[in-house]
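Note sheet for the following structure.
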Amino acid sequence: MPSSKPLNLTDELQRKFPAEVLSVLQEVGKVASQMGMTAYAVGGFVRDLLLGTPTLDIDIVVEGNGTSLAQKLAQMWQADLTVHERFFTATLQWRLKEPVSTIASAHACILSRLDIATARKERYPSPAALPEVEPANIFDDLWRRDFTINAMAICLDPTRFGELVDPTGGFGDLQQGIIRVLHERSFVDDPTRIFRAVRYEQRFDFKIEPKTLQLICQARDESFLAKLSRDRIKHELWRILQERDPTKPMRRLSKLRILPVIAPELCVTKERLEWMRKANEWLNWFAEKFPEKTLEREWALLLPLLPTYEAVNSFSQRYQLGESERECGLALLKALGRRTPKRPSGWVRWLNPLPLEAALVLAAKRSSPNDPAWQRYFLEWRWARPDITGEDLKTHGITGCAISIGLQAALAVKLDEGADARRQLEVALRRAQQCQTSRR
Ligand code: ATP
Ligand code: MG
């Protein structure tokens, strides 16, 4: 139980955040208090502050009416407001393109978003169902949470600013590196917490404490995971794949025999996890070089664990992935059977038809991210185009698919031999004419 004088984290907040963030928190507390309410920063924000890895992902909980506080702040700070009445939550967002006209707005928008919720109690009508919620105080709100380390709050009220509210012993568990649920029915009420437990354990190098582990195994054995919708499972799995090193939670889920329950197609071996780890490195490398290109990272990371066409088809169907994801998986399996070519034109023929994700996962299978040939493929060869165009070939009487065959030949001599435009045209015409003759 907490000692008589609660820990005050104002100094910690001052040390770890720019002054703007502190003044936003103070402002939230002040405005709430003027409206007769008490505001708190909660959850991951408090946990990460205490771990020394502060985040700007701030969740506010209000004893009172979160929506009306959010409306007031949105007006003051010229932020966009989205309200989810049913869940008593609201989100403020700043469109950073727009000029901000007051200092307070400028301060607030360094956050880009702020989530505000009404403190609430939850009741689970049946296992794994979405909860019924009703307004309550901060203690009820913290006791409905997943783990002790996520069930702490910092009071933002001007009279108690910075005070840690920790009714479940989260501070102690954080210091000891322990993941602990708040009550025995936690995983029955909400089996997604199983994935969350593993995610935090592996992210922070913590340990799920024995009783909590036992409850996880029990929920697994009593098939509570089967009560979750596919969508909710996929959401958790995708969050796991977004971790810095997703191989750790995946290994743990596999050891706990949870993966076979949610996705029997996934084949988790030491070698395949190593391939996944390298795929992650390649994806990071690529994202750094081409920040403007978007990648289906999560799906790419799963591909090393899907060994066959059947596995790809069945997983895509189970989690209702798009046709392009499924085709990406199949294309990778097909391309894996080929040997790494010698000449750049061979690389282009082999890899350009693949989606980028598949090409990067293939790279991970064959090399590490400092392999110069592979790097060159992604930096140069993949984007290379011949110095002549289809129009150039048309003016020489080339038509139909002979044009693209000619252009491919032009690109090949450009990449393999460094040929100039004149020579590229010569080679392209020869190749295209051969193609047209054989067509006749
Ligand atoms: P992360 O760094 O992974 O985002 P987080 O703590 O911010 O961690 P969120 O999923 O963003 O996690 O949720 C915010 C807070 O909401 C959590 O800290 C936790 O207190 C609570 N929470 C989220 N999901 C659940 C759940 N399934 N059951 C109970 N409480 C939850
Ligand atoms: Mg979060």
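Every value quoted in this text rests on a predicted model; they were computed, and no experiment measured them. One is the number of the first residue; the rest follow in order along the sequence.
- Residues Trp383 and Phe378 place their aromatic rings such that the two centres sit no closer than 6.0 Å.
- With a 4.5 Å cut-off on side-chain heavy atoms, Phe195 and Ile233 count as touching.
- Nearest heavy-atom pair, Ala197 versus Ile216, reported as atom, atom and distance to 0.1 Å: CB-CD1, 4.0 Å.
- Heavy-atom minimum distance, Glu201 versus Ile208: OE2-N, 2.9 Å.
- Tested against Arg180 for a side-chain hydrogen bond (donor to acceptor under 3.5 Å, both in side chains), the candidates Thr168, Thr148, Asp173, Asp146 yield a single pass: Asp173.
- Taking the centre and axis of the six-membered ring of Trp238, the NZ or CZ atom of Lys234 falls inside the cone set by 45° and 6.0 Å.
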Arg185/Tyr124 under side chain to side chain contact (heavy atoms under 4.5 Å, CB included): CA gap, chis, key distance, verdict
CA-CA 10 Å; Arg185 283 185 58 81; Tyr124 287 83; over 6 Å; no
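- With a 6.0 Å cutoff to the six-membered ring centre and a 45° limit on the axis angle, Lys414 does not count as a cation-pi contact of Trp381.
- Residues Leu306 and Glu265 approach most closely at CD2-CB, 3.8 Å, considering heavy atoms.
- Pro304 has its side chain within reach of Val361: a pair of non-hydrogen atoms, C-beta onward, lies under 4.5 Å apart.
- Atom CD of Glu323 is surrounded by more than 12 heavy atoms from other residues, nucleotides or ligands within 6.0 Å.
- Salt-bridge check for Lys227 with Asp190: failed, with every basic side-chain N at 4.0 Å or more from each acidic carboxylate O.
- Between Phe147 and Phe206, the ring centre distance reaches or exceeds 6.0 Å.
- Aromatic ring pairs are classed by plane angle as parallel below 30°, tilted from 30° to 60° and perpendicular above 60°; the pair Trp350 and Trp347 is perpendicular.
- In this structure, the side chains of Leu22 and Gln14 come closer than 4.5 Å at one or more pairs of heavy atoms.
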